[in-house]
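Chain identifiers are assigned alphabetically (A, B, ...) following the order of the sequence lines, protein sequences preceding nucleic acid strands; residue numbering begins at 1 within each chain.
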Amino acid sequence: GAVVSQHPSWVICKSGTSVKIECRSLDFQATTMFWYRQFPKQSLMLMATSNEGSKATYEQGVEKDKFLINHASLTLSTLTVTSAHPEDSSFYICSARGEWGRVAYNEQFFGPGTRLTVL
Amino acid sequence: KNEVEQSPQNLTAQEGEFITINCSYSVGISALHWLQQHPGGGIVSLFMLSSGKKKHGRLIATINIQEKHSSLHITASHPRDSAVYICAVDFGNEKLTFGTGTRLTIIP
């Protein structure tokens, strides 16, 4: 199957700093990428949908100025948590959807996740 | 309202047992996904289906569109199958709505 990577896999930062998380599709072109967050023992919550070359669409309640998303190429999307605070500590997961060979258009492939801890 | 319900929430079984996890949804869908999340957090997509049945190794996924219900089966379960299994549904808006997950523990 198609591979999606995330970097870093974990990060610890001080309150007030910004953290950038990268999501890459390694062997296919991702026309759409999704960003999720997951709190302990809870399900994934969609934060935003990112299409290459256009502005991200944010879900209700997600601050677009706090969670900056850039999808500059068909293989890379970045999520920047600006001025991070302890309540932003969470597990952030991206997924990518695209069309490439055997990859069905509607199928999503998930990254391994990034665990963010804000002190 | 687009809703996804999974059952059971927790399931503990002996190695070798046949496992069934259920997923029900509220309205018509374009696709249903079964995902596996291991303790480290990484998510693996097991199946995407919109009708019928799919099989991969010891895993089988079925979906009944009329009854709005899907099942994930694991045959000859093994401790390495221990994980959280998540049903996620695309209700036609290309976004996924997730069930709360089923925590499966297989005891040797």
Does [X], at its [atom1] atom, have more than 12 non-hydrogen atoms belonging to other residues, nucleotides or ligands within less than 6.0 Å?
X: K20(A); atom1: NZ; value: no
X: E5(B); atom1: CD; value: no
X: H7(A); atom1: NE2; value: no

Checklist line | Heavy-atom contacts under 4.5 Å, residues 77-95 of chain A to chain B | finding: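 Residues F91(A), I93(A) are the ones that qualify, each having a heavy atom under 4.5 Å from chain B.
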
Check: Which of residues 42-54 of chain A have a heavy atom under 4.5 Å from any heavy atom of chain B?
Finding: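 Residues in range: S43(A), L44(A), L46(A), T49(A).
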
Notebook entry, point to check: Looking at I86(B), L35(B), T100(B), which makes the most heavy-atom pairs under 4.5 Å with chain A?
Noted result: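 Heavy-atom pairs under 4.5 Å are most numerous for L35(B).
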
Does [X] belong to the same Ile/Leu/Val/Met/Phe/Trp/Tyr cluster as [Y], with side-chain heavy atoms less than 4.5 Å apart forming each link?
X: F110(A); Y: F28(A); result: no
X: V19(A); Y: F67(A); result: yes
X: V44(B); Y: W34(B); result: yes
X: I69(A); Y: V62(A); result: yes
X: I106(B); Y: L11(B); result: yes

Checklist line | Distance (rounded to the nearest 0.5 Å) between M48(B) CE and Q108(A) CD | finding: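 Going from the CE atom of M48(B) to the CD atom of Q108(A) covers 9.5 Å.
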
Note to self: Using 0.5 Å steps for rounding, measure from the CG atom of L96(B) to the CZ atom of F34(A).
What the structure shows: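 Going from CG on L96(B) over to CZ on F34(A), the span is 6.5 Å.
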
Check: With a 4.5 angstrom heavy-atom cut-off, which part of Q6(A) approaches chain B: side chain, backbone, both or neither?
Finding: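 No part of Q6(A) comes within 4.5 Å of chain B.
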
Checklist line | Close side-chain approach of K95(B) to E59(A), heavy-atom, < 4.5 Å | finding: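 Yes - at least one pair of side-chain heavy atoms lies under 4.5 Å apart.
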
